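Following: one structure in structure tokens, then a few remarks.
Within every chain, numbering begins at 1; the chains are lettered A, B, ... in the order of the sequence lines, protein sequences first and strands thereafter. As the structure is a computational prediction, the values presented were derived from the model and not from experiment. Quick note: numbers below take in every heavy atom, side chains included, and nothing from hydrogens, waters or symmetry partners.
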Amino acid sequence: MVATASASASFTETRLANGLRVITREVHERPLIGVWMWYRVGGRNELPGTTGISHWVEHMLFKGGARFGKGEISRAISRRGGALNAFTWIDCTAYFETLPADSLELALDIESDRIYDTRFDPDEAEAERTVVISEREGSENFPEFWLREEVQSVAWREHPYRLGVIGPKSDLRAMTREQLYAHYMRYYMTNNAALVIVGDVQTERCLDLVGRAFDPLPPGPEPPPMGIVEEPQTGERRLIVRRPGPTRYILLAYHAPAASHPDAAAMVVLGAVLGGAASPIAWGGARGLGRSSRLYRALVDGELASAVAAGYELTLDPYLFTVDATLRPDVEPQRAEAAVFEQLDRLQREPVPADELTRTKRQLEAQVVYSLEGVTNQGFALGFMNLVAGDTGAWETFPAALQAVTAEDLMRVATTYLTETNRTVGWFVPTAMEA
Amino acid sequence: MAAVPTPAHALRAQRATLTNGVDLLHNRAAANPSVVVRAMVRAGASRESADVLGLASFTGTLLREGTEHISKEALAEELDGLGAGLSVDVGYAVSVISIKCLSSDIARAMEILGELLRFPAFPADELERRRGQLLTELKELDDNTRVVAERSWRQDAYPAGHRFGKLPVGTEQSVAAFQRDQLERFFRAWYGPSQTSLIVVGDIDLDTTRDLAERVLGDWRGGRADPVAPTLPTTPPPVAAERRVSMAGKTQADLVLGTTTFDRRAPDYDALSFANHILGRIYFMGRFGEKVRDEQGLAYYAYSELSAGFGSGPWLVRAGVNPTNIDRALESIRAELARFQADGPAEEEQVDGVSSLLGSLPRQLETNEGMAAVLGEIDLYDLGLDYLERYPDIIRALTRDQVTAAARTWLPADHLVTTIAGP
């Protein structure tokens, strides 16, 4: 049963009586369908002791439910030539299937089954413990992982964003099957999820199939709200990670506004001026852009670093604006850091020239276009903007807002957010090298 | 030039030849208002001699550091101003120079690509800058367990001096020694119309594409007069070996296990590729994934890949495991392989293997990059523009016996080389 519905030219949005948000978009160029299921639970909803629980629960959702036995979900998708996967992030956990268009019902069958009936077999939960630990250990092999985790944990005092997503080994070793199951029961319900379907299917038929699969499901009790608010930072925080590694790295992190904040668009453009553009609304895009960006010129052309990036992500709560660089072995961190600060100061002092701003916006425009190639990417953008911006239409209005950002906006946000008291500075220094 | 009809939603590729012999492959795809333009030059690492490892890679990446008519800075500004991404990827057989741009900018993007291919300046100062950058990147590769495992594996699996025995990227010593004239010589020897295919996929028609290509590349001369296949000598199956490389500060071990196989154009390719699909890909990383990850919980990833190229390319199983689980993981992988060689694929696996490979075609062809990759393979290995039309029959015709026999013949247990890089 349809409780509420709205439509724009590019998608339809419906809310079932059980609270499930349903977003559809017809794309008929290829006989494909992309199905996404977004749950409003991630690192943000976790507490010390069970950090990483959302991600582990995500793994459990591939182990079968009432209608699918162990291994059957991936078998069913694979034998039709489909692909499936999932990811857990600080704000959400999302699952997708990409399939030939005539297999939409299979995806709906899987998602409507595992939302309430996932098996939490104790042996399977135990087997997955070592898989998740192995996933973490794979990341631990990279120096950047240690630096990022450390900076994240220092940049916040209160907010669960400081805990990240994968979780520390102590939590991963200690968590129990009962805790996993309780977390699943608390957050997996129709009224805490959004289903996005993009592809070669008529909307009416699509909604009919969705209704058949999901209308019989009841809503659950509202998940507990996450009410932790980070107090403003009042002084620079610094840290050094010393471990074996190939070279030095630096990571600067500034507290930055949430996706719903009016400054979000300017922050995206600011990141692109500094480090080149990436699409803020979906994954993917062209490689090799941004070689005229300020940090690339200053650090890579300036022979201080082999790589540099600046980034701002759209999040539910205020998150981070970051700059990171891989330093050449003969470069001291303070030198690279000074070169970054010089560029940040410039943004606060002088307006970005018109031609540079035009170039940056064009990069963003193009990256957004590239990132929307294919039904899976479009489904991501619709679901992601529904989640972080609270407005599915932002998949079009947010890219448009980027084009309206002015040089004055950039100066203002640079002055507001890129301040000394608002930053955490991390260095990775290989144990074989002096700081 | 003739249009080859193919089933709806599959490739509708067309081929043309420029007046100087450059092979043009084109596929119209209007789903996204963008275009991928890719020059595939048979100037990969297999062209190098043993004393200049990484020269192809170094030469390829220097193409975007400035030309006779456009400085590096001007090039970067113009590409960013178009929102066009330029990338260079150098493998064993080919160096691929790609530009991804909005459809409206295709003309200028093609001109830029033509400029890079024809008039690279190899500026001395940019060469030094790139050298420093690359030396840092090489240090990072030395610290990467995946890379070190494969690098060591190649060293043990191929005869000394064989180019497949080293990664395409060079070594600290070779990169430190490159001189500008070496790059120029390599470029003059191998970059030219007879070695180059141009692949264009996206929201642009063939006539426009051909006119543009003719204008920017039609009078390009240089390189060898005739195409020379980048084929490397075949190698004997390696002597079974196991090596552990200890790396400081690591928590996870990357293991690589495999053997050398054959040329992509070998008669057994489809059967062995199908065997690999069952062993290390289908469902969720195939039998290796099911056993090592799903059943035993030993790894986040365990899968296999067949990289038959121009020569005896490798078949590799890869897994990332905790050091305490190395032996169990290796034992499981070897046991799965032995079981497959004894019994072959199950009836269900054979059926699912066919349907999964055929059913995934629309997905592979969904993006311009995906299509360009398929066209590149078709062109490089001379599979024929109708390859995807014939592909269903090729796959359906494979029998379980053929697949089993290919695994027995080409993945012999007594010629498996194993490398472990980690703590």
Please look at [X] and chain A and tell me whether the side chain, the backbone, both or neither of the residue comes under 4.5 angstrom of a heavy atom of that chain.
| X | answer |
| --- | --- |
| B:L135 | neither |
| B:N144 | side chain |
| B:R146 | neither |
| B:D352 | both |
| B:D294 | both |
| B:S103 | neither |
| B:E348 | side chain |
| B:L298 | backbone |

Checking heavy atoms, do the side chain of [X], its backbone, both or neither come under 4.5 Å from chain B?
| X | value |
| --- | --- |
| A:E140 | both |
| A:V27 | neither |
| A:D301 | both |
| A:S139 | neither |
| A:E135 | both |
| A:Y296 | side chain |
| A:V375 | both |
| A:T358 | neither |
| A:K361 | neither |
| A:Q378 | neither |
| A:L327 | backbone |

Pick whichever of [options] has the most heavy-atom pairs under 4.5 Å with chain B.
| options | value |
| --- | --- |
| A:A83, A:G71, A:A127, A:P143 | A:A83 |
| A:S306, A:G288, A:A366 | A:S306 |
| A:E124, A:R129, A:E137 | A:E137 |
| A:T326, A:I73, A:I77 | A:T326 |
| A:G374, A:P246, A:G290 | A:P246 |
| A:S74, A:S293, A:P244, A:G81 | A:G81 |

Report yes if some heavy atom in the side chain of [X] is under 4.5 Å from a heavy atom in the side chain of [Y]; otherwise report no.
| X | Y | answer |
| --- | --- | --- |
| A:S134 | B:N322 | no |
| B:E140 | A:E144 | yes |
| B:L102 | A:V369 | yes |
| B:Q133 | A:E303 | no |
| B:T251 | A:K169 | yes |
| B:K139 | A:P329 | yes |

Next on the checklist: salt bridge (Lys or Arg N to Asp or Glu O under 4.0 Å), that's the test. Do B:E65 and A:R291 meet it? Break it down for me.
Outcome noted: CA-CA 10 Å; B:E65 304 295 341; A:R291 287 161 58 92; 2.9 Å; yes

Locate the shortest heavy-atom distance separating [X] from [Y]; write the atom from each residue and the value.
| X | Y | value |
| --- | --- | --- |
| B:L79 | A:L289 | O-CD2, 4.2 Å |
| A:G245 | B:D143 | CA-OD1, 4.1 Å |
| A:P100 | B:G359 | CG-O, 4.0 Å |
| A:V131 | B:G297 | CG2-CA, 3.5 Å |

Which of [options] touches chain A most, by non-hydrogen pairs under 4.5 Å:
| options | answer |
| --- | --- |
| B:S360, B:G422, B:S356 | B:S356 |
| B:E77, B:K72, B:E78, B:R64 | B:E77 |
| B:A248, B:G132, B:P423, B:G320 | B:G132 |

Checklist entry - Do B:E369 and A:Y370 get their side chains close enough for a donor-acceptor pair, meaning under 3.5 Å? => result no

Next on the checklist: Assess the residue pair A:H59 and B:Y300 against the criterion (side-chain contact (heavy atoms from CB on, under 4.5 Å)); give the C-alpha distance rounded to whole Å, side-chain angles, the decisive distance to 0.1 Å, and a yes or no.
Outcome noted: CA-CA 11 Å; A:H59 280 223; B:Y300 176 56; 4.0 Å; yes

Please determine if [X] and [Y] form a salt bridge, counting it only when a charged side-chain N lies under 4.0 Å from a carboxylate O.
| X | Y | value |
| --- | --- | --- |
| A:R287 | B:D89 | yes |
| B:R293 | A:E128 | yes |
| B:E73 | A:R297 | no |
| A:R362 | B:D80 | no |
| B:E366 | A:R30 | no |
| B:K100 | A:E373 | yes |

Checklist entry - Using non-hydrogen atoms and a limit below 4.5 Å, what part of residues 281-290 of chain B faces chain A? => result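 Result: B:I282, B:Y283, B:F284, B:E290.
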
Checklist entry - Distance from A:T247 atom OG1 to B:D142 atom CG, nearest 0.5 Å? => result 12.0 Å

Next on the checklist: Can you tell me how far apart CZ (B:R363) and OG1 (A:T376) are? Round to the nearest 0.5 Å.
Outcome noted: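 B:R363 CZ to A:T376 OG1: 8.5 Å, rounded to 0.5 Å.
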
Next on the checklist: Just to be sure I understand the criterion: a residue of residues 271-280 of chain A counts if one of its heavy atoms is under 4.5 Å from a heavy atom of chain B. Which ones qualify?
Outcome noted: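 Result: none.
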
